[in-house]
Amino acid sequence: MLLRRLLSAAVTLVLVSVLVFFVVDALADQVTQDLGRAASPEALAARRHLLGLDRPVLLRLWQHVSSAMSFEFGESARHGHPVASLLARSLLPTLAYAVPGFLLATASALFGGFCAARWRGWPGRILLGLATILMSTSSVIIVVIGQYLLAHRLRSFPVLGWPLPGDARDVLGFIVLPALLWAVIQLGPDLRHYRAVFLRELAAPHLEGLRARGLGEFRVARHVLRGSAAPVLARVSARLPHLVIGSVVIEHVFNIPGVGALLIAAIQDGDLAVVQGIAFCLAAATIAGQALCDLAVFTLDPRTRARPEAGR
Amino acid sequence: MRRPRVLGSLGLGGTLALAGLVGFALLALGAMIGLYAQNFEQAVGPEHLSPGPGAWLGTDALGRDLLARTIQGARVSLAVGLGGAVGLVALGTALGALAGLRGRAVDRVLAGLTDAVAAVPPVVMLLGAALVLSPGISTAILAISLTQWTGVFRSIRAEAMRMRSADHDRAAVAMGAGYWHRIRWHLLPRLRPLLITSLVLSFVYAVKIEAVLAFFGASSRTLPSWGRLLAESGSELARGIWWPIAAASVPLALLVLCAQVVADRLTDDEPGG
């Protein structure tokens, strides 16, 4: 079962790279992007030959897929650096604010979701309403207004920017506000999701049995938590790839040199190798996250072990 | 599983939210056929005029009337929201029904394709597609429909597979019903509540995506969009110029909230909730 899961993950990854190749090949013209629309047909043809774009499609597809599998995406047309090293360099800034934000949001969403499901009267309704309002507020609004209120108005954080390498001053200051805004963006939908998960689990009949046997509410809550491990993990793993991309909006507004900023710059420059590289790496992260989640559920939830084929 | 309820018992909040959506639609329709808010391109006063008589929401950096621009922005959000929702639900339903009813090889291929499409994060796909093609409303709709159908595909496919083992469908097949007949008379009626909910939820999603696309200049270039207004005037907040941000964010948040409440009411099945 585990082997089959890994195999299907690998097949999906190959499919992704084929898909990315065809989409970019069909939609975008690297040569025109490089030389501009006014270039002469001879110059375009020469450039096409130089880049090897005049070779048969299937041959190029094969080369693209096989080099993508070894995480070789060629060189960025703008910067001249290999795409992989560009990606690696921008990963750190993104993770620096995304991981704390993600942890904060997940912890508070789990707590809030449990409270909203456990006490369904006024406290639950207020929590649900707040989460709905938060979720309906576009991330663009949250970031723009959050930056204004916390950085400009309260002056508790630097307005934007990122510490230069080697400059350890104020690192925290630059990280805290983006991380906080990340958490606010993620909190609304996650809280609602976890509330629904816990509601379903709290209605399970075996809890009445536990209570009838005289278990305290605290022990019962532990059973609820364990029972809802699978859907919670599924949600967390679905969120993992967001960690790598960060929020493009946050990185744009705060001028953080992360993956999202790299993506925006690459798209605006028409730097297709970088876009392809980012798309493929993020897809790989997503697929790996899903496989890990399945593995974790398999070890955590005995029900999946008893009927390995159920739910497939 | 959550069984969506059909329109009808929306409750007070749901009815209010639906009325809000209708209000937004009428506002955009009036602006589209040219009843009002037509002077959104001309300067009507000095730049950054604060709200007051003459310009009820103030003016922007070029002295243009923000009220007119906000109303015109509703056209963009609603067009992309509706177009994107209909497009992605239609594509997801068509492919899902195909995969679920045919099964075997067709199902394998389509499910594999879905996994691959869903694995690439939406931001990359959408921004890439919207900026590689020339920016505009139709590009945004196309980008959303072509990349975000995977969720609908999965739920429709599951429902179609469930139907394949139902007696009424087996009877229909035994009597020689073709795929089209089964989709039209058996699958679609069964899917109606699910489709309505998916449409509303996809609308919410598409409107939010449009705001982000517009923020990066990948949405309409001719009409003022709320996302673009937010991008243009975000830095002016520090100078105390709050009205462009308010004019863009309040309607955007309200529109999404209305649609979200309607969607919640449609799926609400909590006992006593």
Side-chain angles (χ1 to χ4, degrees), chain A residues 8-9 11-20 23-24 27-28 120 124-125 128 132-133 135-141 143-145 147-148 151-153 159 192 196 199 203 241-242 244-245 247-249 252-253 260 263-264 266-268 270 272 275 278-280 282-287 290, chain B residues 2 13 112-125 127-133 146-147 204 207-212 214-218 226-227 230-231 233-235 237-240 242 245-246 248-250 252-261 264 267 270-273:
Chain A
S8 87
V11 170
T12 310
L13 200 56
V14 174
L15 261 176
V16 167
S17 102
V18 174
L19 201 71
V20 168
V23 168
V24 170
L27 290 184
R120 281 180 43 200
R125 278 192 192 179
L128 182 64
T132 308
I133 290 174
M135 190 166 96
S136 306
T137 314
S138 163
S139 58
V140 181
I141 303 177
V143 173
V144 167
I145 293 185
Q147 183 195 29
Y148 169 67
H152 286 295
R153 240 353 193 339
V159 172
R192 284 169 43 112
L199 268 184
H242 294 224
V244 191
I245 182 112
S247 162
V248 279
V249 181
H252 184 79
V253 167
L263 175 73
I264 296 291
I267 287 174
Q268 279 167 355
L272 296 179
V275 178
I278 294 180
F280 180 79
L282 292 178
T286 311
I287 293 167
Q290 281 164 356
Chain B
R2 290 183 144 205
L113 180 72
T114 310
D115 280 348
V117 173
V120 183
V123 207
V124 182
M125 296 258 247
L127 281 174
L131 287 171
V132 165
L133 307 172
L146 288 182
T147 60
V204 170
V207 170
K208 279 161 119 178
I209 287 177
E210 194 276 334
V212 175
F215 190 78
F216 290 106
W226 295 336
L230 276 165
S233 41
S235 54
L237 260 183
R239 290 159 53 199
W242 52 269
I245 292 289
S249 53
V250 171
L252 176 58
L254 260 182
L255 177 64
V256 177
L257 185 64
C258 286
Q260 183 68 52
V261 170
D264 284 350
T267 49
E270 290 161 29

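Below, chain A is the first sequence line, B the second, and so on; all start at residue 1. This structure is a prediction, so every number in the text was calculated from the model and none was measured.
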**Asked** Among A/Ile141, A/Val143, A/Val144, which one satisfies side chain to side chain contact (heavy atoms under 4.5 Å, CB included) with B/Phe215?
**Response** A/Val144

**Asked** Can you tell me how far the OG1 atom of A/Thr137 sits from the NZ atom of B/Lys208, to the nearest 0.5 Å?
**Response** 8.5 Å

**Asked** Atom CG of B/Asp264 and atom CE of A/Met135: how far apart are they, to the nearest 0.5 Å?
**Response** 6.5 Å

**A/Val249 and B/Val212: CA distance, side-chain angles, deciding distance, side chain to side chain contact (heavy atoms under 4.5 Å, CB included) verdict** = CA-CA 8 Å; A/Val249 181; B/Val212 175; 4.1 Å; yes

**Message:** I need the A/Ile267 CD1 to B/Leu127 CG distance, nearest 0.5 Å.
**Reply:** 5.0 Å

**Prompt:** Where on B/Ile245 is there a heavy atom nearer than 4.5 Å to chain A: the side chain, the backbone, both, or neither?
**Reply:** side chain

**Complete:** Okay, A/Val14 and chain B: the region with an atom under 4.5 Å from a heavy atom over there is neither

**Fill in**
When A/Leu15, A/Val16, A/Leu19 are each screened for side chain to side chain contact (heavy atoms under 4.5 Å, CB included) with B/Val117, the one that passes is A/Leu19

**Prompt:** So how far is it from A/Ser136 OG to B/Leu254 CG, rounded to the nearest 0.5 Å?
**Reply:** 9.5 Å

**Item:** Max heavy-atom pair count under 4.5 Å with chain A, selected residue of B/Ala253, B/Gly112, B/Ala116
**Value:** B/Ala116

**Asked** Shortest non-hydrogen contact from A/Thr286 to B/Ala119?
**Response** OG1-O, 3.0 Å

**Item:** Structural part of A/Ile287 lying under 4.5 Å from a heavy atom of chain B
**Value:** side chain

**Prompt:** Which heavy atom of A/Gln268 sits nearest a heavy atom of B/Phe216, and at what distance?
**Reply:** NE2-O, 4.0 Å

**Message:** Please classify the contact of A/Ser139 with chain B as side chain, backbone, both or neither, using a heavy-atom distance under 4.5 Å.
**Reply:** side chain

**Prompt:** Checking A/Leu263 against chain B: side chain, backbone, both or neither under 4.5 Å from a heavy atom?
**Reply:** side chain

**Complete:** Of B/Leu230, B/Leu113, B/Val207, the largest count of non-hydrogen pairs under 4.5 angstrom with chain A goes to B/Leu230

**Message:** Less than 4.5 Å apart, side chain to side chain, heavy atoms only: is that true for A/Ser138 and B/Val256?
**Reply:** no

